[in-house]
Participant: 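Take a look at the following structure, please.
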2 protein chains.
Amino acid sequence: MKNSRDPDFPDSFNWGQFLPALAIDCVIFGYSEDGLKILILGYKNTSFFSLPGGFIRKKEAIDDAAKRILEERTGLNDIYLNQFYAFGNLERSDPEPMKMIMENNGFTPSNDHWLLQRFVSLGYFALVNYKRVKPRPGFLSDSCRWYGIHELPELIFDHAKMVEQALKILRRDVYSKRIGKNLLFEMFTMGELQKLYESILDEKLHRTGFHRKMMRSGLLKRLGKKKTGGAHRSPYLYSFRSDKPKHTIS
Amino acid sequence: MKNSRDPDFPDSFNWGQFLPALAIDCVIFGYSEDGLKILILGYKNTSFFSLPGGFIRKKEAIDDAAKRILEERTGLNDIYLNQFYAFGNLERSDPEPMKMIMENNGFTPSNDHWLLQRFVSLGYFALVNYKRVKPRPGFLSDSCRWYGIHELPELIFDHAKMVEQALKILRRDVYSKRIGKNLLFEMFTMGELQKLYESILDEKLHRTGFHRKMMRSGLLKRLGKKKTGGAHRSPYLYSFRSDKPKHTIS
DNA sequence: CCAAAAGTGTTAAGCATACACCCATGA
DNA sequence: TCATGGGTGTATGCTTAACACTTTTGG
């Protein structure tokens, strides 16, 4: 198996610097008024789409690798990260899509090319502020853009399962971790927070019940000021208390 | 790095058959009247202890590898398995303990020996019936026995953290998954079930509240028969309904 | 008949749900 | 002043916790 530098690739594709057989894939969630979104890569000269992913350097912690991969695609480096599952069955290792991607872009990889080996992939999900992200395609991808959670294109490998699993865990933890802190701006109204929750949980929530539940949870603090310029009554602004550590893995 | 067969090791230690850099470690929970226990390996001619672990074959799904490793140490093959976290920081990769284990048993590994490389380890936990297990030490280990959850020896690498994390997740899920089915025999009394839960959660539970909570959960069914020979009033026997799949990963 | 374990009844507290009502604001 | 979004009060039902009571069994 070719384990050294691939002469036609940029330097970051010097495969020998990475742990073999182990990859990272990221489900990057963002939120705007029209709902929850995921950042998806589209590959050049093909109709393949995938989650942003990458590899782990030989002297790099896996969490640091995930952070680096996220920064490469979003430009952000203070990101809420959650490692949620390791995907490693045999069916997921289908070399065909990657082979076709390489061939359609001028490479003719041998069957034992490093990129075509079997990978076990560590799934991370990230919560980022949609507006702060500058999506950046990678070397073989020519698009990197947001897709609504219900309008995802077909994804290669088992990436659809990864999205499903990440969503499941996001929904499980939405009331116990300060999910909103990472998807909204610093200050927000209760209505904005409720719309976020409805988008994550994919269901309508009762306004008053939600209001009290969030206040009772103790995660929020109400700021004295009110928002100006709204169409009707000025709502209070809220923010998350910063008692707990900012980045919580697991 | 030596990647082929190590002449002094048995055939199962033909390192080339495994994925490099990736390991599996298992927190195997068992339960007897005196509490929750974990199966721990002790290494020959040293005072090192570790969780049972192993490696993944190149054409083997990670869940299958975990099952195989469990079967090697317990003799059981129908085991409740839960992959709970991937451990991959740099501090966990300390070659010294393994080097000393090998040296104290007649091997003189070079510094780039396969076993001394950096590993990312997938943590699985298993729930097994304590009485059905026949613990089997491995090649370098001469003991394989149960330790009470509060009497664990010091463990190598980050295995203590793995135990802690596994316990945390076991506790989180104890009321929503049919944990007891895998740690008790087919039929049990409510009192036995309560003692198990108290042992897992490490706290006393209210008898009547526990009774009703378990019955309302719908996971249990009451069997008509009663136990005979008990010292006092004959309790009902209960068992878990078998609606849900037996092995639930995640 | 008493002690101990097991099952059930009762009450109070806590939380979610649902609805009603009031407040503030711009059109 | 009215429509609308936002905040709070109140009634109902469900879950949990705590305690009392009854049932069953062996000594």
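Chain A is the first sequence line, chain B the second, and so forth, proteins listed ahead of strands; every chain is numbered from 1.
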Participant: Relative to A/Phe29, does A/Lys37 satisfy both conditions: NZ or CZ under 6.0 angstrom from the six-membered ring centre, and within 45 degrees of the ring's axis?
Facilitator: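 Judged by the rule (NZ or CZ under 6.0 Å from the ring centre, within 45° of its axis), A/Lys37 is not positioned above A/Phe29.
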Participant: C/dA6 P sits how many Å from B/Tyr236 OH, rounded?
Facilitator: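 Roughly 13 Å, once rounded to whole Å.
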Participant: Whole angstrom is fine here: how far is it from NZ in B/Lys204 over to P in D/dA17?
Facilitator: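 Distance check: B/Lys204 NZ to D/dA17 P gives 16 Å.
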Participant: Take atom NZ of B/Lys213 and atom P of D/dT15, then tell me their distance rounded to the nearest Å.
Facilitator: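 Atom-to-atom, B/Lys213 to D/dT15, this comes out as 12 Å.
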Participant: To the nearest angstrom, how far is B/Glu192 atom CD from C/dA5 atom P?
Facilitator: 13 Å
Participant: Can you tell me if B/Tyr238 touches the phosphate of C/dG7, counting only side-chain N or O atoms and a distance under 4.0 Å to OP1 or OP2?
Facilitator: yes
Participant: Do A/Arg212 side-chain and D/dG9 base share a donor-acceptor contact under 3.5 Å?
Facilitator: yes
Participant: Using OP1 and OP2 only, check whether a side-chain N or O of B/Ser234 sits under 4.0 Å from D/dT24.
Facilitator: no
Participant: Please report the distance, rounded to the nearest Å, between CE in A/Met190 and C1' in D/dT8.
Facilitator: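 Value for this atom pair: 12 Å.
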Participant: How are the rings of B/Tyr238 and B/His211 set relative to one another: parallel (under 30°), tilted (30 to 60°) or perpendicular (over 60°)?
Facilitator: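 Aromatic pair B/Tyr238/B/His211 classed perpendicular.
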Participant: For A/His206 and D/dT12, what is the distance between atoms NE2 and P respectively, to the nearest whole Å?
Facilitator: 18 Å
Participant: Check for me whether A/Arg145 meets the cation-pi criterion with A/Tyr147, that is, NZ or CZ under 6.0 Å from the six-membered ring centre and within 45 degrees of the ring axis.
Facilitator: yes
Participant: When the distance from CZ of B/Arg216 to C1' of D/dA17 is rounded to whole Å, what number comes out?
Facilitator: 11 Å
Participant: Given atom CZ of B/Phe210 and atom C1' of D/dT15, what is their separation to the nearest angstrom?
Facilitator: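 Atom-to-atom, B/Phe210 to D/dT15, this comes out as 16 Å.
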Participant: Step through it carefully: locate the ring centre of B/Phe119, locate the ring centre of B/Phe157, and say whether they are under 6.0 Å apart.
Facilitator: no
Participant: With a 3.5 Å cut-off and heavy atoms only, can you find an N or O donor on one side and an acceptor on the other between the side chain of A/Arg207 and the base of D/dG5?
Facilitator: no
